[in-house]
Amino acid sequence: MAENTTAMAQNFIHDFIDEDLAAGGAYEGKRVHTRFPPEPNGYLHIGHAKAIYVDFGTAAKYGGICNLRMDDTNPTKEDEEYVDAIKEDIHWLGYDWEDRFYFASDYFEEMYRFAVELIRAGKAYVCQLTPEELSANRGDINTPAVSPYRDRPIEESLDLFQRMRAGEFPDGAMTLRAKIDLASGNFNLRDPALYRIKHMAHHRTGNDWCIYPMYDFAHPLEDALEGITHSLCTMEFEAHRPLYDWVVENVSIPYHKPRQIEFARLGINYTVMSKRKLRQLVEEGKVSGWDDPRMPTLCGMRRRGYTPASIRAFSEQIGVAKADSTVEYSFLEHCLRADLDDTARRVMAVLRPVKCTITNYPEGQSETFVLDDHPKHPEMGTHTVTFSRNLYIEAEDFMEEPVKKYKRLSPNGLECRLRGAYIIRCTGCVRDENGNVTEVLCEYDPNSRGGDPADGRKIRGAAIHWVDAATAVDAEVRLYDNLFSDPEPDAAGKNFMDCLNPDSLEVLTGCKVEAALADAQFPESYQFMRQGYFCVDNRDSRPDALVFNRAVSLKDSFKAGK
Ligand code: ATP
Ligand code: MG
């Protein structure tokens with residue numbers, strides 16, 4: 001576990017665990033043991049980060065342990081590619097399962113044995129209703145479900161189940177069902193399917209199996225086999241809990257009952273959070289891949305410049321509750337900003353450059369300024385920037401005819417400060433034949449050297465950033481906005497694919513960054529003064545063709561208490 005892992009505040013899950021530990025009994029002398037059980041059918045997203053935080057964080061809070069288990073009982077979309085990516089993302093977040101890494105598919109043989117055990121005990125039977133007949137026979141709240149196969153002899157079910165395994169029947173021809181209660185008000189207990197036939201290769205077991213256990217049968221077995229004490233999952237499993245309990249109570253695993261506790265899924269506005277939908281965005285080319293910096297995937301967020309600490313802080317601060325709620329995307333950004341404000345080096349980069357000539361600065365002369373890397377952390381050190389007659393400034397920092405209250409450069413006599421360098425005054429500009437400004441002309445005050453208030457002069461104009469044209473490095477900068485323009489792309493009645501924001505990516509080329517950034521390395525983030533926090537793109541950037549991603553702007557739109 002990373003040393004900087006945030007301590008977890010008490011929540012209702014911990015209250016339940018405290019109750020269990022206090023009651024002793026089956027929990028006597030037990031270490032709290034949780035698990036994180038992703039299905040390896042896609043990349044992890046920020047919703048999973050919450051579950052990881054809850055699973056690993058809860059174990060850590062109690063000095064317990066947490067397993068990582070690939071829940072790979074459904075061969076349809078599972079793949080080894082995802083297994084490695086999932087491990088990488090969890091490690092990146094700062095959590096470690098040590099030697100407790102499991103595959104649910106490793107238990108297939110045991111699961112089969114437990115199923116046979118249930119049949120022998122008269123608690124499961126092979127049902128030959130087709131999927132259509134099954135749903136036609138589910139009954140409703142007033143009518144019990146029906147299965148004509150429920151009372152078939154145990155021997156017959158044993159024989160059929162063995163032949164199901166041997167591959168004698170096609171997909172959908174039969175299922176193994178638990179014999180619980182066809183009239184239950186909880187439809188999950190109306191003789192739920194435990195096994196189905198699926199002639200499909202599995203990413204690990206290949207063609208060894210053509211029957212696969214259902215989640216509701218497999219999951220409690222996995223938990224019980226691993227000695228999990230508390231199985232933390234999301235709310236949609238609440239109504240499945242009686243079935244979970246039924247399974248562990250009716251198989252011969254010499255272990256007390258793991259307790260399932262449900263908590264609310266994380267939803268965030270302006271994005272979608274299901275692997276299926278994220279996959280669709282990738283497959284239809286709406287994004288450049290699972291790690292597109294606009295994606296809510298952990299690999300996308302990492303590439304964008306999110307830090308593990310900011311995601312842990314986010315997970316802690318959103319809290320853990322039973323009631324669903326949608327968290328503002330701006331809160332996620334707020335957490336990143338709070339982290340980077342403290343840790344990112346300050347540098348200067350001009351994103352939309354225009355030349356600026358200091359006409360009274362001698363040609364051929366140059367000097368250096370030593371700037372602090374961080375205004376509040378002298379221990380982070382300093383870096384050097386050069387200064388000469390030819391600079392680049394931000395095009396929007398000049399206006400020939402200033403609008404009201406414009407505090408930047410214009411030929412109206414207002415003094416501005418070049419950050420860390422000199423006070424300048426604009427004298428005019430040069431335009432090309434189309435009327436576009438190609439050069440801003442300024443004069444500097446040689447007595448103002450020494451950077452911000454060192455000379456004690458108060459000026460009315462803004463402090464603007466700049467880079468020396470002689471040493472500036474070219475870069476591409478990618479600015480991101482919400483992937484969706486609709487705050488609720490997932491809401492009922494909407495097709496999320498219709499809610500995409502056409503302006504979610506803006507690519508700026510020909511940006512000019514200060515020389516120190518030539519060595520910038522992912523994943524270090526920098527504050528580009530007045531612009532936001534930026535990080536080298538770990539996929540597309542090259543030493544001779546730098547690419548930066550804007551992780552987040554400086555302006556905080558999150559309002560506490562909103
Ligand atoms: P998806 O719909 O994105 O595929 P899932 O629940 O099917 O999600 P799994 O890989 O099965 O994904 O999830 C692993 C764990 O992460 C589960 O315990 C699940 O409850 C949890 N989880 C998934 N999405 C969220 C979310 N949005 N908020 C909190 N926990 C989540
Ligand atoms: Mg799933």
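Order of appearance sets the numbers: ligands from 1, and atoms from 1 within every ligand. Bear in mind that the values here come from a model prediction, so they are computed numbers and not experimental data. We use all heavy atoms of the structure for the numbers below, so side chains are in, but hydrogens, waters and symmetry mates are not.
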Run the numbers for me: atoms of ligand 1, each under 4.0 Å from some heavy atom of [X], listed by number.
{"X": "H45", "answer": "3 (O), 24 (N)"}
{"X": "E39", "answer": "9 (P), 10 (O), 11 (O)"}
{"X": "A51", "answer": "16 (O), 21 (C), 30 (N)"}
{"X": "T234", "answer": "19 (C), 20 (O), 29 (C), 30 (N), 31 (C)"}

Are side-chain N/O atoms of D537 and S541 paired as donor and acceptor at under 3.5 Å? no
Side chains of D18 and Y62: any donor to acceptor distance under 3.5 Å? yes
Between the side chains of [Y] and [X], is the shortest nitrogen-to-carboxylate-oxygen separation below 4.0 Å, so that they form an ion pair?
{"X": "D540", "Y": "R303", "result": "yes"}
{"X": "R69", "Y": "E222", "result": "yes"}
{"X": "K87", "Y": "E80", "result": "no"}

Does any N/O atom on K50 come nearer than 3.5 Å to any N/O atom on ligand 1? no
Have a look at E262, H48, R276 and point out the one with the heavy atom closest to atom 12 (O) of ligand 1. H48
Option set K275, H219, R69, criterion heavy-atom distance to atom 9 (P) of ligand 1, minimum: K275
Would you say the side chain of V83 lies within less than 4.5 Å of the side chain of H203, judging by non-hydrogen atoms? yes
